[in-house]
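I have placed the structure first, in the form of structure tokens, so that the comments after it can refer back to it.
Each chain gets a letter, A, B and so on, in the order its sequence line appears, and its residues count up from 1.
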Number of protein chains: 2
Amino acid sequence: MNKKAIDSVSIKEMDSDVVDAVTIDCTIFGFHEGTLEVLLVQHAEGISKGKWGLPGGWIKKNESIDNAAYRLLRDLTGIDNIYLEQLRAFGSPERFPLSRVITIGYYALIKKEDYRLTPGFTASAVKWYKVKEVPELIYDHAEILETSIKRLKRRVRQAPVGFNLLPEKFTLLQLMHLYEEILEVEMDKPNFRRKFLRMKLLVPLNEKQTDVSHRAAQLYKFDPKIYKSLTERGFNFEF
Amino acid sequence: MNKKAIDSVSIKEMDSDVVDAVTIDCTIFGFHEGTLEVLLVQHAEGISKGKWGLPGGWIKKNESIDNAAYRLLRDLTGIDNIYLEQLRAFGSPERFPLSRVITIGYYALIKKEDYRLTPGFTASAVKWYKVKEVPELIYDHAEILETSIKRLKRRVRQAPVGFNLLPEKFTLLQLMHLYEEILEVEMDKPNFRRKFLRMKLLVPLNEKQTDVSHRAAQLYKFDPKIYKSLTERGFNFEF
DNA sequence: ATTTCTTATAGTTTGTTTGACTACAAGTGT
DNA sequence: ACACTTGTAGTCAAACAAACTATAAGAAAT
């Protein structure tokens, strides 16, 4: 084991509150009016001033990387209890221009209507962008975003994580549109309905849509127990 | 952005050859006589002297983390051109007793018979263990191994990565046993054969098994082109 | 050299799932 | 009352899966 390296770690940590060389960057997905969106921040200071990027920050000495991600999200959006999953580490030597910094990518799914966003201290602006209309991003954030999208596409077919993007009550068609948008495919209504209902994940409510100018659709919520067991055992959705 | 942190990164890197606080640990899988095995090293020095762990090491300043993983594997096993994939970062604050070290987990698949192993400079011994018989591991390596196994189980159903564990030429039954071992299930020979052949991934060779005391089975290799396209598009094997 | 054993490979059967449709129901708005 | 829109149910042929049976090809035993 490399003694020199270990020693320099110890020294470094004595005069710093953060683990220097490792950051977190997080892709936050939302779903609004049939389109998938991501949350970007405009940096207020530093070499990337004015540019857009994924929200992120440094990992503190005494927190796990997962907790660091939760903390960063809480500071940014004001809420806990978010669906959050680590993507992987990104570590090209050139990815950050000033020095060698490895970043750990995360992606989160949130029910958009639940939260009001407040720009954090390090960001001058926070804004939702449609996934297909994101501007140029700093560093390697385009790659991280790309990886997040791929992961979401994969994940959504293995576990019903899509629910984390929808409001509590939703119609089958909304759910189908979510899948269509994420997977970039077109689906057949009757078939989707049949398949999804068969797996008993949805609980029909005693409610219907309101304020629509056509026949109101049944509202559903998902059954947390079945959701949990399906998520754990790694289900397989084919659409 | 945290100025203090960036400054301390720059300073640190001037007097050190490695990115201090980040290591790599790699689960190397092999397949031998129907059982899945992992390669462990016994540490020769340091606080974990004598104990078994996953092979790993520090990331150098000018290499990407993927390249660091390839380098470590090359040093240990003497070969490039290995199937290697990042798992994720592990970063509990207590995972490493001396200081805060984040590690990035990888897992690799190798064709066992292709390589002779040589213990590297930091390890006193290198040994294959059956996955079900691994001894107690240092730090959080048990968790990393656990994650690797889960990932392998998942991955093997989405892409034909299993081939990386088999010799060039193999029989359908060997292939089936590989799946049975990894997924911990029993399968039906005729059904497995039919399913696998249907996807046109296997090329029958003009050869049969030799040295077996029963009817010799057809040998196959896999078609690299179809393998590639299947791996990229994320196929879905259900067995 | 015939039988027996083991494993390879081919086929059958039954029930389920899919994909592409059609048809009808329930509301709105004119 | 009518058209229009979206929701929901049902049909049908083709593909597929799971469980099985049957046969083929050798090697070893008698």
Residue B:Arg215, side-chain heavy atoms: nucleotide from D:dA19, D:dA24, C:dA25 that is nearest
D:dA24
Rounded distance in Å - CZ (A:Phe237) to C1' (C:dT17):
16 Å
Closest to the 5' end of DNA chain C, once B:Asn191 and A:Ser213 are matched to their nearest nucleotides, is B:Asn191
Going by atom types only, do B:Glu180 and B:His177 share a side-chain donor-acceptor pair under 3.5 Å?
yes
Candidates D:dC20, D:dT8, D:dG7 - which lies nearest the side chain of B:Pro190
D:dC20
Lys NZ or Arg CZ of A:Arg88 over A:Phe90 ring: under 6.0 Å, within 45°
yes
Indicate, with a heavy-atom threshold strictly under 4.0 Å, whether B:Leu172 touches base, sugar-phosphate, or nothing.
nothing
Atom pair distance, as rounded to whole Å: CZ in B:Arg198 and P in D:dA18
10 Å
Nearest whole Å is fine: how far is D:dT6 C1' from A:Leu175 CG?
17 Å
Of the options D:dT8, C:dA10, D:dA17, whose atoms approach the side-chain atoms of B:Lys195 most closely?
D:dA17
For the student: nearest non-hydrogen atoms of A:Leu40 and A:Trp52, plus distance
O-CZ3, 3.5 Å
CE of B:Met176 versus P of C:dT7: gap in Å, rounded?
12 Å
B:Lys189 side chain N/O closer than 4.0 Å to the phosphate oxygens (OP1, OP2) of C:dA8?
yes
Euclidean distance, atom NE2 of residue A:His214 to atom C1' of C:dT30 [Å, nearest integer]:
18 Å
Let's go through A:Glu33 and A:Lys130 carefully: what are the C-alpha distance in whole Å and the side-chain angles of both, what is the deciding distance for salt bridge (charged side-chain N to carboxylate O under 4.0 Å, His left out) to 0.1 Å, and is it a yes or a no?
CA-CA 11 Å; A:Glu33 286 176 358; A:Lys130 294 183 179 174; over 6 Å; no
Nearest-Å distance for atom pair CG/C1', residues B:Asp188 and D:dC20
8 Å
If you look at every strand shown and take non-hydrogen atoms under 4.0 Å, does B:Arg194 touch a base, only sugar-phosphate, or nothing?
base
In whole angstrom, give the distance that lies between atom NZ of B:Lys208 and atom P of D:dA25.
8 Å
Does D:dA17 have OP1 or OP2 under 4.0 Å away from a side-chain N or O of B:Arg193?
no
For the backbone of A:Gln86 and the side chain of A:Arg151, can you confirm whether one donor and one acceptor N or O come within less than 3.5 Å of each other?
yes
Atom CE of B:Met187 to atom P of D:dA17: distance rounded to whole Å?
13 Å
Kindly point out which of C:dA20, D:dT8, C:dA8 is positioned nearest to the side chain of B:Ala217?
C:dA8
